[in-house]
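Letters A, B, ... mirror the listed sequences (proteins, then strands); counts begin at 1.
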Amino acid sequence: MSKNLVIVESPAKAKTIEGFLGKDYIVKSSFGHVRDLSKNQLSVDIENGFEPQYEITADKKKLVAELKKLAKDAEMVWLASDEDREGEAISWHLFTALGLKEDKTKRIVFHEITKSAITSAIENPRKIDINLVSAQQARRVLDRLVGYELSPLLWRKVKPSLSAGRVQSVTVRLVVEREEEIKEFEVTSAYRVTAIFSVNGKSGPGLKAELSERFPKEEEALAFLKSCINADFTVSAVEKKPTKKTPAAPFTTSTLQQEASRKLGFSVGNTMRVAQHLYESGKITYMRTDSVNLSGLALKLAKDEITSSYGSKYVKTRNYTTKSKGAQEAHEAIRPTEMSVSSITGTSEEKRLYDLIWKRTLASQMADAELEKTTITIDISKSEYKFVASGEVIVFDGFLKVYLEGNDDDTSEENADLLPPVKNGQQLNPVEIVAQQRFTRGPARYTEASLVKKLEELGIGRPSTYAPTISTILKREYVVKEDRPGQTRSFRVYNLVDDKITDKTETETYGYEKSKLFPTDIGILVNKFLFQYFESIIDYNFTANVEKEFDEIAEGRQQWNTMIREFYGPFHKKIEDTNENSAKFSGEKLLGIDPVSGKNLFVKVGRFGPMVQLGDTDSEEKPKFAGLNKTQTMETLTLADALELFSFPRSLGLFEEKEMTVAIGRFGPYVKHDAKFYSLAKTDDPATVDAERAIEVIITKREKEQQGTIVEFQQEPELKVLNGRYGPYIKFKKDNFKIPKGTDPAKLTFEDCQRIIGNPENAPKKAFKGKRK
DNA sequence: CAGTGAGCGAGCTTCCGCTTGACTT
């Protein structure tokens, strides 16, 4: 039996530490929090000082029982959760849930997973910091009160099953407001003038320069080009300036998500999933962190690696400090555990993410890159304007040898690497001067990763919640992640060659979007509701302000429930007031009048989402309703679109003596025939689809089903053995059943199947909690 | 998985932050 029980948060950490501590210690993991407020009720006693009612989380019951037993048998229990607000609370919950005794419990913390760090932690134990625990409790209770009082209000006023919260609602607001900025942005154009000069005869490399001025008007650009005819072009200045570039700091969760998005095209969820694998196999340090700090050991390993691979002049040891708001720094930056391992075995995604982390970490400990920036100014004899050419030459590559951080916007003008040598006073001959109409670009839509970056800047959310927050607002359909095709537009180009000006009109595509976040009608409406009634909750500074109060609680300068009381009073009053005194918030808009019936036609959000309504709600005759298409939005819907929606279901005539109809359901347009549904393709327009196409769709689906069917039974047409995405399975009505290992699915008899279905062990599991439709 | 939207009334939905697997049709 072990004398000592050590409890950490993560099982991977537990395994490593156990190796350091020897046989007198058993090291276990709590897998994060073990207790929480009950999911099914508020679980905060408003009447009694906001006392939280905790329970052991369902999936932790077994674990807590096991830990309790181990703790009972141990002489000393060491609570070693992370040294931050949540970590302190985890220790306190463990203390309470395991029924630990104060004289048999010690709280320890360490920042590095090394033998010396652990040993030193064991030698310097402390008590649980109850003030820090109170700060966490305030955070937890505040989030619960906000989430569980605002959400039900949304169910009543907007639409069932919606949600609101301190983090998600601000995240949605960011996306909604960015879309508004894009809509309000006024595109203007101006003429950008560039020239290519020959330097040493026409064969040599040209010198590319840009005019220091842009002309908003076509006439101005043309007038300038005219002034260049027969003009002299003289170099009036050649300026060389040394500059340097410094490497980016090592990865935090947020910067890893951004770079993996920019360079590898990963979603934030995918980045975290791959990083988790790398962490569990011991290849990288912990991946949920807001710290850019590297341990002393890591600094030494990096230095050794750089010295041996590139030489000592590439080494520059740097200590980074975190500047982001609300950082708690319980961990190191994300780095390889062994800097000497430059590549790993694993999936392609794991290899690529590891490579990124390895390079970023190494570069952060390398010398600055030294560059020489050259700027050449060219005077024009017949004009006041000047051409400017600039170029950059790398004198010493430094960290650029391994890594350069990516950029979110691709607007940066390209710099020529190397400029041909010219002297002050030298005459240049223009090969070509081009004035091209260029358009301004509005703000960029968010990607998942750039949204995370914004959240981090605002101090909203934590490394462990960035990816889940994005998932939540996508799941609630407040926001969609989509590609949008670009549009084309024409622009004017004037060309001056051999003293002659020619002009032409060319076209370009713009506004093409890939995997960008767009607000939906629901997202826009919920945001509007919250903005109208609860602006303080979705204020960008709300989190920052409450964080200040949590800090005061952590320092023992304020009682946690005093803070909550001060918040809850006015908040709850506003909830009740809005509940009683506001009407349904449906975003109803009158589109026009139906020319056939003369009735009003509205667009609004109903119980099942955006819809059109023909006739007034309070009229004697019940209004007609129809849901919007997935591709339609309330804002852009026209009267004609709305009228078309009422033309469904539309009959397409008979096929095999049964009627075919086309309609639009929750999952898009479909054809219904003989009580079966057949989805139409994205390219089909339900308004014009004909019988011929419908029959084609029906037959294709039948063929596909036939291919997937292994066995059918005459006794029971609803029982089948099918071949699905995960291999063969048995389908009976709406339930699916696994086939026992070692059974040939093609040889299953009707009796076999009945036995499998009848076995209670194979009974279909209740749907996952997250699988709500 | 698909057709809904009145009104009645039952019962359900929901937060943020810590951690991993089990499981999918």
Item to check | Contacts of type ring pair (Phe, Tyr, Trp, His ring centres under 6.0 Å), residue A/F602, not counting sequence neighbours | outcome: none
For a quick test of your reading: what N or O donor-acceptor pairs under 3.5 Å do the side chains of residues 7-14 of chain A make, sequence neighbours left out?
from, atom 1, to, atom 2, distance (Å)
A/E9, OE2, A/D82, N, 2.8
A/S10, OG, A/A12, N, 3.3
A/S10, OG, A/K13, N, 3.4
A/S10, OG, A/Y279, OH, 2.8
A/K13, NZ, A/D82, OD1, 3.1

Checklist entry - At under 4.0 Å between heavy atoms, what does A/V167 touch on the DNA or RNA strands: base, sugar-phosphate, or nothing? => result sugar-phosphate
Checklist entry - Which residues satisfy the side chain to side chain donor-acceptor pair (under 3.5 Å) test with A/Y286, sequence neighbours excluded? => result A/R288
Item to check | Donor-acceptor pair present, A/R140 side chain and B/dC15 base, under 3.5 Å | outcome: yes
Item to check | Ring geometry between A/Y533 and A/F529 (parallel below 30°, tilted from 30 to 60°, perpendicular above 60°) | outcome: tilted
Item to check | DNA chain B: stems of at least 3 consecutive Watson-Crick or G-U pairs whose donor-acceptor distances fall under 3.5 Å | outcome: none
Checklist entry - Starting at CD1 of A/I575 and ending at C1' of B/dC15, how long is that distance when rounded to a whole Å? => result 12 Å
Next on the checklist: With nearest nucleotide decided by heavy atoms, which residue, A/Q41 or A/E547, maps closer to the 5′ end of DNA chain B?
Outcome noted: A/Q41
Checklist entry - Using 4.0 Å as the upper bound for N to carboxylate O, is an ion pair formed by A/E547 and A/R85? => result yes
Item to check | Side chain A/S29, main chain A/F31, donor-acceptor under 3.5 Å | outcome: yes
Checklist entry - Which part of the nucleic acid, if any, lies within contact of A/Q276, taking any heavy atom under 4.0 Å across all strands shown: a base, the sugar-phosphate backbone alone, or nothing? => result sugar-phosphate
Checklist entry - Say you pick atom C1' in B/dA2 and the same atom in B/dA22; how far apart are they, in whole Å? => result 30 Å
Checklist entry - Parallel, tilted or perpendicular: which describes the rings of A/F571 and A/F567, with under 30° parallel and over 60° perpendicular? => result parallel
Checklist entry - Looking at residues 460-467 of chain A, who's got a heavy atom less than 4.0 Å off DNA chain B? => result A/G461, A/R462, A/S464, A/T465
Item to check | Touch class at under 4.0 angstrom, heavy-atom based, for A/D82 against every strand present | outcome: sugar-phosphate
Next on the checklist: Using whole Å, what does the distance between atom P of nucleotide B/dC12 and atom CG of A/N40 come to?
Outcome noted: 9 Å
Item to check | A/Y678 and A/H673 aromatic ring geometry - parallel, tilted or perpendicular at 30°/60° bounds | outcome: tilted
Item to check | Check: A/I56 and A/L63 side chains under 4.5 Å, non-hydrogen atoms | outcome: no
Find every protein N or O atom lying less than 3.5 Å from an N or O atom of nucleotides 5-9 of chain B, and list the pairs.
from, atom 1, to, atom 2, distance (Å)
B/dG5, O6, A/G627, N, 3.3
B/dG5, N2, A/F608, N, 3.0

Item to check | NZ or CZ of A/R476 within 45° of A/Y478 ring axis and under 6.0 Å | outcome: no
Next on the checklist: Categorize A/S679 for me: base, sugar-phosphate, or nothing, with a 4.0 angstrom heavy-atom threshold over every strand shown.
Outcome noted: base
